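Residue numbering restarts at 1 for every chain, and letters A, B, ... go by the order of the sequence lines. What you see is a predicted model, and the numbers here were worked out from it, not measured in a lab.
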Amino acid sequence: MDGKEVAGMEKIRVRFAPSPTGPLHIGGARTALFNWLFARKNNGVMVLRSEDTDLERSSAESERNIVRDLKWLGIDWDEGLEVGGPYAPYRQTERLDLYRQFTERLLAEGKAYYCFCSEEEVEEERQRQLSRGETPHYHGKCRNLSREEQERCLKEGRQAVVRFRVPEGEKVVVEDVVRGRVEFDSDGVGDFVLVKSDGLPTYNYACVIDDYLMKITHVIRGEEHLSNTPRQVLLYQAFGWQPPKFAHISLILAEDRSKMSKRKGDTAVEQYREKGYLPEAVVNFLALLGWSPEGEEEVFFLEELVKQFDLNRVSRAPAVFDMDKLKWLNGHYIKNSSLERITELAVPYLQEAGYLTGELTPEQWNWVKMVVASVREYPTCLAEIIDYVDVFFNDEIEFEQEELKEILQQEQVPRVVEALYEALDQTPELTPETAKKVLRDICKGLKLGGKKVYMPLRIALTGSNHGPELYELIAILGKERVASRINRALAGVGK
RNA sequence: GGCCCUAUGGUCAAGCGGUUAAGACACCGCCCUUUCAAGGCGGUAACGGGGGUUCGAAUCCCCCUAGGGUCACCA
């Protein structure tokens, strides 16, 4: 710290620092979003850093997927993975030399020490303490080893970890932007590990060094890290660094108020993408989980979210993931996005279901667009669209209920059908609009109520008494298929 | 169990000492309508409990209860 920084004047820098040990979790996505919104709102810098110090569980593939899903959501970053930046590298396993330097410093100052206890020993002691009802802490057997003893063990080649010497009897204060002042007692934390026996830093350690070196001003992360924060604050103090401001946002809970898990529904962003949720719906939904806008409007695109976002309006209570609301938002965006885009997104599902095969000609494309237009108000996610399109593809009409056939036997039906065929003959270009007019004219010409005209035709064409707009259906099917379906249906009831 | 966080309708939540306690989703009803939807309008529904402080508490304090987090050589 050069001491010249004036509070509030420094450039805001935030980071999203996932560990690439699996897909991007919905909670992680929200953390990333809040960081991003805060950075963009305040003209700050967003950093993406990979915390890959768990060699066992980290994978390049997970990292790629996380990056892909962040981009999909519309979250970008100014520094970090892929884009680089002044504090590169942004992958912790590539920063090992840096950590080593700071470890030496702590060791030299006696603020950290080598510990030669085996994992088994430590675990045994932990169990003993637990059974006595005590808070399990490192017992400190190696805490008071002299420098010489440490050297000797090291020379013997014994496996060692580096532990932080936690000062005794100190109040550790965390100033949290969303929670206020939170106090901890340093005696509540044992001498935690800084460097693992494989030479890699632990989370609490690497995180502090990186946040410091990368000049992070605000650490916005999940509440599960709140209890880690005193350890980190102690480290900042040991180094004589000014800690960043913390903002711990509450967790997202499953419907039964327990932690979200795979068993209780989809927890990964990619699962929502694959089901045909739109990124703007997911973002909008996530933003509303734990944050609330000032006004009454709740439907926001990313840009509007940026304008509205305020860390002071982040709620402290954990939030239940409300699937119904996500579905509603997604349905809203499906209905209101451009037809071209929704069609593009819907086609893969239609292909997968076998309704479409191969490349689409421009004519087919336009036809599919009409299909999408007539059903897109139904699905809550695009994968569901296949539940509504069968009527356009399958000419083998099955009657949902036999009673519906009775409607086909109503006395006006032959007249209606005749009028329809005649009108269709005189309609060179069949579109939803012209079809609509045809139907209206039939009602007028025959002096029949809509129900008498629409219902038999709908049933003859679809086998059901409900479904998409009839005039759209007629335009989409075309004259030939309309005629053949009606003829077949009427023949089926002996007309 | 220790430590920490949290507590307004079923859910997300506004509220930051004085309000008829917003709004959204879900649910119910009505309207629109050829059907189902969509849309429009309306409705049901909440301050966990107990003590304080105060002229006055959803709002401030304490206790209880409940839920969550965390106590790793995982992050």
Does B:A7 have a Watson-Crick or wobble mate here (both distances under 3.5 Å), and if so which one? B:U65
Detail all sub-3.5 Å separations between protein N/O atoms and N/O atoms belonging to nucleotides 37-47 of chain B.
from, atom 1, to, atom 2, distance (Å)
B:A37, N3, A:Glu377, OE2, 2.4

Taking 4.0 Å as the cut-off, does a side-chain nitrogen or oxygen of A:Arg316 come that near to OP1 or OP2 on B:U6? yes
Going by ring pair (Phe, Tyr, Trp, His ring centres under 6.0 Å), name the residues that satisfy it together with A:Tyr349, two or more places apart in sequence or in a different chain. none
Salt bridge (charged side-chain N to carboxylate O under 4.0 Å, His left out): pairs with one or both residues in residues 317-334 of chain A, sequence neighbours excluded: A:Glu298-A:Lys325
Sequence-distant partners of A:Tyr90, ring pair (Phe, Tyr, Trp, His ring centres under 6.0 Å), two or more places apart: none
Does B:C47 pair with anything, Watson-Crick or G-U wobble, both distances under 3.5 Å, and if so, with which nucleotide? none
Distance check, P atoms only: B:A45 and B:C64, in whole angstrom units. 34 Å
Note: for A:Leu470 and A:Leu253 on RNA chain B, the residue whose nearest nucleotide lies more 5' is A:Leu470
Could you work out the separation of B:U34 and B:A22 based on their C1' atoms and round it to a whole Å? 39 Å
P-based separation of B:U59 from B:U53 [nearest Å]: 15 Å
For B:C30 versus B:A37, give the span between their P atoms, rounded off to a whole number of Å. 13 Å
May I ask you to check whether A:Phe285 and A:Phe321 place their ring centers less than 6.0 Å from one another? yes
With C1' as the reference atom in both, quote the distance from B:U35 to B:C27 in angstrom, rounded to an integer. 23 Å
Which one is paired to B:C41, where only Watson-Crick or G-U wobble pairs with both distances under 3.5 angstrom count? B:G29
When you match A:Glu183 and A:Glu294 each to their closest nucleotide on RNA chain B, which lands nearer the 5' end? A:Glu183
Both distances below 3.5 Å, Watson-Crick or wobble geometry, any strand: find the nucleotide opposite B:C55. B:G18
Could you go through residues 263-270 of chain A and list every donor-acceptor pair under 3.5 Å that involves a side-chain atom there, pairing it with any protein atom two or more places apart or in another chain?
from, atom 1, to, atom 2, distance (Å)
A:Lys264, NZ, A:Ser258, OG, 2.6
A:Asp266, OD1, A:Gln271, NE2, 3.2
A:Asp266, OD2, A:Lys275, NZ, 2.6
A:Glu270, OE1, A:Arg68, NH2, 2.9

Using the ring pair (Phe, Tyr, Trp, His ring centres under 6.0 Å) criterion, which residues pair with A:His466? Sequence neighbours excluded. none
Does B:A13 have a Watson-Crick or wobble partner in any strand here, with both distances under 3.5 angstrom, and which is it? none
Residues two or more places apart in sequence or in another chain: which of them pass ring pair (Phe, Tyr, Trp, His ring centres under 6.0 Å) with A:Phe38? A:His218
Measure NZ/A:Lys436 against P/B:U35 and give the value in whole Å, please. 14 Å
Take the protein atom CD of A:Glu296 and the nucleotide atom C1' of B:G23, then report the distance between them rounded to whole Å. 5 Å
Note: A:Glu418-A:Arg415 ion pair, threshold 4.0 Å (strictly below): no
Whole-Å gap separating C1' (B:C36) and CG (A:Leu473): 13 Å
Same-atom distance (C1') from B:C12 to B:U70, integer angstrom: 26 Å
Sequence neighbours left out, what pairs pass side chain to side chain donor-acceptor pair (under 3.5 Å) with at least one residue falling in residues 190-211 of chain A? A:Arg15-A:Asp211, A:Arg49-A:Asp211, A:Gln92-A:Asp210, A:Arg95-A:Asp210, A:Tyr99-A:Asp210, A:Thr103-A:Tyr205, A:Tyr113-A:Asp191, A:Arg143-A:Asp191, A:Tyr203-A:Arg221, A:Tyr203-A:His225
For atom CG of A:Leu439 and atom P of B:U34, their distance in whole Å: 11 Å
Output the rounded distance in Å from CD (A:Glu223) to P (B:G68). 12 Å
Answer with yes or no whether the side chains of A:Ser59 and A:Glu63 bring together a donor and an acceptor at under 3.5 Å. no
Taking atom P in both B:G67 and B:A26, compute the distance separating them and give it to the nearest angstrom. 29 Å
From CZ of A:Phe184 across to P of B:G2 the rounded distance in Å is 16 Å
Taking atom P of B:U70 as reference, at what distance in whole Å does atom CG of A:Leu226 sit? 11 Å
Please write out each protein N/O paired with an N/O of nucleotides 71-75 of chain B under 3.5 Å, distance rounded to 0.1 Å.
from, atom 1, to, atom 2, distance (Å)
B:C71, O2', A:Pro136, O, 3.3
B:A72, OP1, A:Arg126, NH1, 3.2
B:A72, OP2, A:Arg126, NH1, 3.2
B:C73, O2, A:Ser197, N, 2.8
B:C73, O2, A:Ser197, OG, 2.6
B:C73, N3, A:Ser197, OG, 3.2
B:C74, OP2, A:Lys196, NZ, 3.1
B:C74, O2', A:Asp54, OD2, 2.9
B:C74, O2', A:Arg57, NH2, 3.2
B:C74, O2, A:Arg57, NH2, 3.4
B:A75, OP1, A:Thr53, OG1, 2.8
B:A75, OP1, A:Lys196, NZ, 2.7
B:A75, OP2, A:Tyr203, N, 3.0
B:A75, O3', A:Glu51, OE1, 3.0
B:A75, O2', A:Ser19, OG, 3.0
B:A75, N6, A:Asn228, OD1, 3.1
B:A75, N6, A:Asn228, ND2, 2.7
B:A75, N1, A:Asn228, ND2, 3.2

Atom-to-atom span, CZ of A:Phe246 to C1' of B:G69 - whole angstrom: 17 Å
Using a cut-off of under 3.5 Å, enumerate the N/O to N/O pairs linking the protein to nucleotides 10-13 of chain B.
from, atom 1, to, atom 2, distance (Å)
B:U11, O2, A:Asp322, OD2, 3.4
B:C12, OP1, A:Arg257, NH2, 3.1
B:C12, OP1, A:Val320, N, 3.1
B:C12, O2', A:Leu288, O, 2.8
B:A13, OP1, A:Gly290, N, 2.8
B:A13, O3', A:Ser292, OG, 3.4

Applying the Watson-Crick and G-U wobble criteria at under 3.5 Å, what pairs with B:C71? Answer none if nothing qualifies. B:G1
Residue pairs involving residues 445-465 of chain A (criterion side chain to side chain donor-acceptor pair (under 3.5 Å); sequence neighbours excluded): A:Glu400-A:Ser464
Less than 4.5 Å apart, any side-chain heavy atom of A:Leu194 and any of A:Leu235? yes
Separation between the C1' atoms of B:G68 and B:G48, rounded to whole Å: 16 Å
When we call it a touch if two heavy atoms are under 4.0 Å apart, what does A:Phe192 touch: a base, just sugar-phosphate, or nothing? nothing
Does A:Arg181 pair with A:Glu175 as a salt bridge, N-O distance under 4.0 Å? yes
Once side chain to side chain contact (heavy atoms under 4.5 Å, CB included) is applied, do any residues pair with A:Lys259, and if so which ones, sequence neighbours excluded? none
Quick one: label A:Lys452 by what it contacts on the DNA or RNA (base, sugar-phosphate, nothing), any heavy atom closer than 4.0 Å. nothing
